[in-house]
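Note that this is a predicted model, so its numbers are computed, not measured.
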Amino acid sequence: MSDAAALPGQPRGLVVTGPATERAVNVLAPNPSAMTLDGTNTWLLSEPGSDLAVVVDPGPLDEGHLRNVIDTAGKLGKRVALTLLTHGHPDHAEGAGRFAELTRTPVRALDPALRLGDEGLGEGDVVTVGGLELRIVPTPGHTSDSLSFHLPADRAVLTGDTILGRGTTMVAHPDGRLGDYLDSLRRLRSLTVDDGVRTVLPGHGPVLEDAQGAVEFYLAHRASRLAQVETAAENGLRTAPEVVAHVYADVDRSLWPAAELSVRAQLEYLRERGLI
């Protein structure tokens, strides 16, 4: 059995529905898979003593899950007042429209197509509900519309799919771009260095207790994979499937389609910089 403290980011352990920090409660969606790990983490956020809550990523269009999120809030004496999206992938956002109907709340997102209401989300925005403060941190790369949410009172950041609680994420080419993703990881690292962020509340997988360690691991992993892809290309493997079969030979084949998207993003990154 692995020692969690020795793993990247110090994962807390099992992914469960329940409190994660003083202001954050996880409601785990019933959609486990190789891509979603244990399932989507739907985050219920509220200030202690407030009867209002914010939900981040309602998850898939699963009626039972959506009602479970509302029931969980009710048991805590909270009413959902606002829904936020980290990005538009269906495992995070497909249920947002139905959830908005059930809660009669607006949905705010970077992508206008995902919004329900007049307000979006963007650089420099601060969301306040019932005394809770969330600072919006654009973190494109996994997708072009990816956002993270800084929860300063808990020294935490909600990262969606930009940083996962276990393993690493993909760069969803062509919408996702590797250069953007590396910049986003550096931005998250600055939150850990300059703003005291200690905890990662990811979109999938367990809570990470060592935010800086998680970011450093991701940056090192990306640098290593990029070097492998560059070497493979220099050795004549120029198509994404060829590179995946060589570089990701140690990865479960069920994940190769996702790996191919990341490889396409890496090849594009290397070509743009004249490295291959």
K.L.:
Under a single-linkage rule joining Ile, Leu, Val, Met, Phe, Trp and Tyr whose side-chain heavy atoms are separated by less than 4.5 Å, which residues share a cluster with Val15?
P.N.:
Leu28
K.L.:
Between Ile70 and Thr103, is the side-chain contact (heavy atoms from CB on, under 4.5 Å) condition met? List the steps.
P.N.:
CA-CA 8 Å; Ile70 296 168; Thr103 58; 3.7 Å; yes
K.L.:
If every non-hydrogen atom of Pro11 is compared with every non-hydrogen atom of Leu7, which pair is closest and at what distance?
P.N.:
CD-CB, 3.7 Å
K.L.:
Has Trp43 got a side-chain atom pairing as donor or acceptor with Pro202's backbone, closer than 3.5 angstrom?
P.N.:
yes
K.L.:
With His204, which residues qualify under ring pair (Phe, Tyr, Trp, His ring centres under 6.0 Å), at least two apart?
P.N.:
His92
K.L.:
Just wondering, do Leu82 and Thr105 contact through their side chains at under 4.5 Å, heavy atoms?
P.N.:
no
K.L.:
When rounded to the nearest 0.5 angstrom, what is the spacing between NZ in Lys78 and CG in Asp51?
P.N.:
7.5 Å
K.L.:
Counting N and O atoms only, with roles assigned by atom type, does the side chain of Arg238 sit under 3.5 Å from a partner on the main chain of Ala233, one being a donor and the other an acceptor?
P.N.:
yes
K.L.:
Could you tell me whether the side chain of Asp175 and the main chain of Ser144 form a donor-acceptor pair under 3.5 Å?
P.N.:
yes
K.L.:
I'd like to know if the side chain of Thr42 reaches the main chain of Pro58, judged simply by a donor and an acceptor atom lying under 3.5 Å from each other, with no hydrogens or angles considered.
P.N.:
yes
K.L.:
Hey, what do you get for OG1 (Thr86) to CZ (Phe149), rounding to the nearest 0.5 Å?
P.N.:
6.5 Å
K.L.:
Do side-chain atoms of Arg115 reach the backbone of Leu110 as a donor and acceptor pair under 3.5 angstrom?
P.N.:
yes
K.L.:
Val171, Val137: one ILVMFWY side-chain cluster at the under-4.5 Å cut-off?
P.N.:
yes
K.L.:
Can you tell whether the side chains of Glu101 and Arg98 come within less than 4.0 Å, N to carboxylate O?
P.N.:
yes
K.L.:
Closest approach of His65 and Pro60, non-hydrogen atoms and distance?
P.N.:
CD2-CD, 4.5 Å
K.L.:
Compare all side-chain heavy atoms of Glu133 with those of His150 and state whether any distance is below 4.5 angstrom.
P.N.:
no
K.L.:
Return yes if some donor-acceptor pair links the side-chain N/O of Ser224 with the main-chain N/O of His221 below 3.5 Å, else return no.
P.N.:
no
K.L.:
Identify the two heavy atoms, one from Leu132 and one from Ser46, that lie closest to each other, and give their separation to 0.1 Å.
P.N.:
CD1-C, 3.9 Å
K.L.:
Specify the closest pair of heavy atoms between Ala24 and Leu201, including all atoms of both residues, with the distance to one decimal.
P.N.:
CB-CD1, 3.7 Å
K.L.:
Between atom CD of Glu63 and atom CG of Asn68, what is the distance when rounded to the nearest 0.5 Å?
P.N.:
12.0 Å
K.L.:
What I'd like to find out is whether the side chain of Met170 reaches to under 4.5 Å of the side chain of Met35, using heavy atoms alone.
P.N.:
yes
K.L.:
Has Arg166 got a side-chain atom pairing as donor or acceptor with Gly205's backbone, closer than 3.5 angstrom?
P.N.:
no
K.L.:
Is there a path of hydrophobic side-chain contacts, each under 4.5 Å between heavy atoms of I/L/V/M/F/W/Y residues, joining Leu85 to Val80?
P.N.:
no
K.L.:
What pair of heavy atoms forms the shortest contact from Leu84 to Leu121, and how long is it?
P.N.:
CD2-CD1, 4.0 Å
K.L.:
Would you check, one step at a time, whether the test side-chain contact (heavy atoms from CB on, under 4.5 Å) holds for Gln212 with Glu216?
P.N.:
CA-CA 6 Å; Gln212 185 172 353; Glu216 296 293 358; 4.1 Å; yes
K.L.:
Would you say Arg273's side chain and Tyr269's backbone share a donor-acceptor pair under 3.5 angstrom?
P.N.:
yes
K.L.:
For Leu76 and Val25, run side-chain contact (heavy atoms from CB on, under 4.5 Å): C-alpha distance rounded to whole Å, both residues' side-chain angles, the deciding distance at 0.1 Å, then the answer.
P.N.:
CA-CA 10 Å; Leu76 296 171; Val25 173; 4.0 Å; yes
K.L.:
Can Ser262 and His173 be said to form a side-chain hydrogen bond (donor to acceptor under 3.5 Å, both in side chains), step by step?
P.N.:
CA-CA 6 Å; Ser262 285; His173 183 272; over 6 Å; no
K.L.:
Pair Leu270, Val229 - check side-chain contact (heavy atoms from CB on, under 4.5 Å), show working.
P.N.:
CA-CA 9 Å; Leu270 292 167; Val229 170; 4.0 Å; yes
K.L.:
Check whether Asp111 reaches the backbone of Ala113 with its side chain - one donor and one acceptor, N or O, closer than 3.5 Å.
P.N.:
yes
K.L.:
For Trp256 and Pro241, indicate whether the former's side chain and the latter's backbone hold a donor-acceptor pair under 3.5 Å.
P.N.:
no
K.L.:
Ion pair present between Arg12 and Glu209, side-chain N to carboxylate O less than 4.0 angstrom?
P.N.:
yes
K.L.:
Which heavy atom of Gly97 sits nearest a heavy atom of Leu116, and at what distance?
P.N.:
CA-CD1, 3.8 Å
K.L.:
Run the salt-bridge test on Arg253 and Glu260 with the 4.0 Å N-O cut-off and return the result as yes or no.
P.N.:
no
K.L.:
Could you tell me if the side chain of Pro152 sits less than 4.5 Å from the side chain of Arg135, heavy atoms only?
P.N.:
yes
K.L.:
Against the six-membered ring of Tyr218, is Arg222 placed for a cation-pi contact (under 6.0 Å from the centre, within 45° of the normal)?
P.N.:
no
K.L.:
If we count only N and O atoms by modelled type, under 3.5 Å, do the side chains of Thr162 and Ser146 hold a donor and an acceptor together?
P.N.:
no
K.L.:
Evaluate Thr139 against Ser148 for side-chain hydrogen bond (donor to acceptor under 3.5 Å, both in side chains), listing each step before the verdict.
P.N.:
CA-CA 6 Å; Thr139 47; Ser148 294; 3.0 Å; yes
K.L.:
Can you find a pair of side-chain heavy atoms, one from Thr231 and one from Gln228, that are under 4.5 Å apart?
P.N.:
no
K.L.:
Verify the cluster assignment for Val247 and Leu275: are they in a single hydrophobic cluster under the rule of side-chain heavy atoms below 4.5 Å apart?
P.N.:
yes
K.L.:
Take atom CG of Asp118 as the centre, draw a 6.0 Å sphere, and report whether it contains more than 12 heavy atoms from other residues, nucleotides or ligands.
P.N.:
no
K.L.:
When you check the side-chain N and O atoms of Thr239 and Glu242, is any donor under 3.5 Å from an acceptor?
P.N.:
yes
K.L.:
Any side-chain heavy atom of Arg189 within less than 4.5 Å of one from Thr192?
P.N.:
yes
K.L.:
On the ring face of Tyr248, is Arg225 found with NZ or CZ under 6.0 Å from the centre and within 45° of the axis?
P.N.:
yes
K.L.:
Applying the 4.5 Å side-chain criterion to the ILVMFWY set and letting contacts propagate, would Tyr181 and Leu226 be lumped into a single cluster?
P.N.:
yes
K.L.:
Tell me whether Leu191 shares a hydrophobic cluster with Val127, the cluster being built from Ile, Leu, Val, Met, Phe, Trp, Tyr side chains joined at under 4.5 Å.
P.N.:
no
K.L.:
I want to check something: taking the side chain as every heavy atom from C-beta on, are Asp62 and Asn31 in contact at a cut-off of under 4.5 Å?
P.N.:
no
K.L.:
To the nearest 0.5 Å, what is the distance between CG (Leu147) and OG (Ser184)?
P.N.:
10.0 Å
K.L.:
Look up atom CG in Asp57 and atom CG in Asp161, then write down how far apart they are to the nearest 0.5 Å.
P.N.:
8.0 Å
K.L.:
Drop me the distance from Asp154's CG to Arg23's CZ, to the nearest 0.5 angstrom.
P.N.:
4.5 Å
K.L.:
Taking the side chain as every heavy atom from C-beta outward, state whether Ile276 and Leu267 have any atom pair closer than 4.5 Å.
P.N.:
yes
